[in-house]
Amino acid sequence: AEMFAGARAVAGLAVSDEVKVEACRLGFVTALGEMLFSTQGRIKGCAAVALARVSGSSSLCFWWDKNIGTTHWDPPRDLTHLTTIHGEEEIPEEDVSYDSARKCFWVRGVMKPYERIPYCEMLFSTVPISVGVHTGMVALKADPRVVSRKGALDVVLDMFRSPLFDGEVSGWAAEATSLLAEYGRMRRVIADTEGCIDLIVRLCSSKVHVFQEQACSALVTLLLDSRARELANEAGAAVKLADLLRGS
């Protein structure tokens, strides 16, 4: 009960950028990531929605240290300050540039091994694990303690494949997907996840109206992506939505 209440609180509060940043600084990504693997549907589902809320920003970003595998929620100090013989001085913004191709920063000609990652890509930005008991799995760059086979986003989308298809977990998955699909890169990743669009279209025919509503919301948002539109048309989305509009 406490875990569910906590996830609900984060999902409800993580609306402003300030709250999202603070939630990440406090380690909520770890806690919510662990809840994703709960065997209790409402805890698993609510954690998915909370993570979708926390990661809901294309302007906020975090930094991944590629050398030592750590996460920074604030700009690393060696990107903002420089130690000289005269002491520490602040680095002007014009002396710092990001290399998107190499995924690193350059500070006055010196390479800094930090990858800049938008919050909205948090759930699928992973690093492979090559040593230890988790070899062959991946860790979230947002928090390397969250380990899975393909990434947190895949765990969320896999909820649509629940044996109890019309169960509560599918509704949570649709709500989380609707939030995540507000961002272009996420729409394409979701569309490229095998079978996902088809499952969302099927959920639009759910006998449970709230699940139906959540699935339709997710589908309509995903239709902004050309690949998602193509897959949705193949799955009969236009007919499903037309039927709903007619109340049939």
Side-chain angles (χ1 to χ4, degrees), residues 1-36 38 42-65 70-77 79-81 90 93 96 98 100 105 114-126 139-146 151-153 155-157 159 171-190 210 213-225:
E2 291 84 359
M3 294 174 70
F4 177 73
R8 287 291 287 175
V10 175
L13 292 171
V15 178
S16 69
D17 285 354
E18 291 80 4
V19 173
K20 291 172 186 177
V21 172
E22 196 59 32
C24 291
R25 286 174 179 157
L26 292 172
F28 287 7
V29 174
T30 304
L32 293 170
E34 291 174 353
M35 290 183 207
L36 274 183
S38 172
R42 68 174 193 159
I43 292 177
K44 184 183 186 79
C46 195
V49 172
L51 282 169
R53 291 271 186 204
V54 169
S55 64
S57 174
S58 57
S59 58
L60 292 175
C61 64
F62 63 97
W63 295 260
W64 168 254
D65 188 326
T70 56
T71 309
H72 297 266
W73 296 107
D74 297 294
R77 196 155 182 82
L79 295 181
T80 60
H81 292 78
E90 191 170 336
E93 286 187 14
V96 182
Y98 186 65
S100 298
F105 283 86
Y114 300 105
E115 179 183 358
R116 184 175 63 197
I117 304 170
Y119 270 42
C120 61
E121 298 179 11
M122 184 186 298
L123 300 187
F124 74 87
S125 294
T126 60
L140 273 190
K141 290 179 179 177
D143 194 317
R145 290 168 292 186
V146 180
L153 177 62
V155 176
V156 173
L157 299 180
M159 291 181 195
W172 289 109
E175 184 178 350
T177 301
S178 182
L179 293 167
L180 294 168
E182 293 180 13
Y183 305 93
R185 180 77 187 280
M186 294 300 294
R187 286 194 288 271
R188 176 50 56 94
V189 172
I190 293 168
V210 67
E213 180 184 337
Q214 290 162 341
C216 288
S217 176
L219 180 60
V220 170
T221 310
L222 285 165
L223 290 178
L224 293 169
D225 179 81

query = If you measure from OG1 on T71 to NZ on K141, what distance do you get to the nearest 0.5 Å?
reply = 10.0 Å

Heavy-atom donor-acceptor pair, S217 side chain to E213 backbone, under 3.5 Å = no

query = Say you draw a straight line from NZ of K20 to OH of Y119; how long is it, rounded to the nearest 0.5 Å?
reply = 9.5 Å

key: For G171 against Q214, the heavy-atom pair lying closest together   = O-OE1, 2.9 Å

query = ring pair (Phe, Tyr, Trp, His ring centres under 6.0 Å) with F62: which residues, sequence neighbours excluded?
reply = W73

ask   = Which distance, rounded to the nearest 0.5 Å, do you find between the CE of M35 and the CD1 of I43?
value = 7.5 Å

message = Quick check: closest heavy atoms across A47 and L36, and the distance to 0.1 Å?
response = CB-N, 4.1 Å

Over 12 non-hydrogen atoms of neighbours within 6.0 angstrom of CD in E182 = yes

request  = For the pair Y98 (side chain) and R116 (backbone), establish whether a donor and an acceptor sit closer than 3.5 Å, ignoring hydrogens and angles.
outcome  = yes

Nearest non-hydrogen partners of V19 and A14, listed with the distance = CG1-CA, 3.8 Å

Could you pull out all donor-acceptor pairs under 3.5 Å where a side-chain atom in residues 50-59 meets a protein atom, sequence neighbours excluded?
unit_1: R53; atom_1: NE; unit_2: A11; atom_2: O; d: 3.4
unit_1: S55; atom_1: OG; unit_2: L51; atom_2: O; d: 2.9
unit_1: S55; atom_1: OG; unit_2: A52; atom_2: O; d: 3.3
unit_1: S57; atom_1: OG; unit_2: S59; atom_2: N; d: 3.3
unit_1: S57; atom_1: OG; unit_2: S59; atom_2: OG; d: 3.3
unit_1: S57; atom_1: OG; unit_2: L60; atom_2: N; d: 3.0

inquiry  = Looking at L222, is its backbone amide N or carbonyl O close enough to the side chain of R187 to form a donor-acceptor pair, meaning the two atoms are under 3.5 Å apart?
reply    = no

Heavy-atom side-chain proximity of E115 to S125 below 4.5 angstrom = no

note = Sorted by chain and number, sequence neighbours left out, side-chain hydrogen bond (donor to acceptor under 3.5 Å, both in side chains) with E22 holds for R25

ask   = For Y183, what residues pass the side-chain hydrogen bond (donor to acceptor under 3.5 Å, both in side chains) criterion, not counting sequence neighbours?
value = none

message = Just to verify, what does R8 make a side-chain hydrogen bond (donor to acceptor under 3.5 Å, both in side chains) with, not counting sequence neighbours?
response = none

request  = Determine, stepwise, if the pair I117 / W63 fulfils side-chain contact (heavy atoms from CB on, under 4.5 Å).
outcome  = CA-CA 6 Å; I117 304 170; W63 295 260; over 6 Å; no

request  = Mind listing the closest non-hydrogen atom pair of A48 and M159 along with its distance?
outcome  = CB-CE, 3.7 Å

key: Over all atoms of both residues, closest heavy-atom pair of M186 and L153   = CE-CD2, 3.8 Å

message = Let me confirm one number: the CZ-CG distance from F124 to L157, rounded to the nearest 0.5 Å.
response = 11.5 Å

inquiry  = For K44, give me all partners under side-chain hydrogen bond (donor to acceptor under 3.5 Å, both in side chains), at least two apart in sequence or on another chain.
reply    = none

inquiry  = For a quick test of reading the model, state the closest non-hydrogen atom pair linking W172 to R42 and the distance between them.
reply    = NE1-CA, 3.8 Å

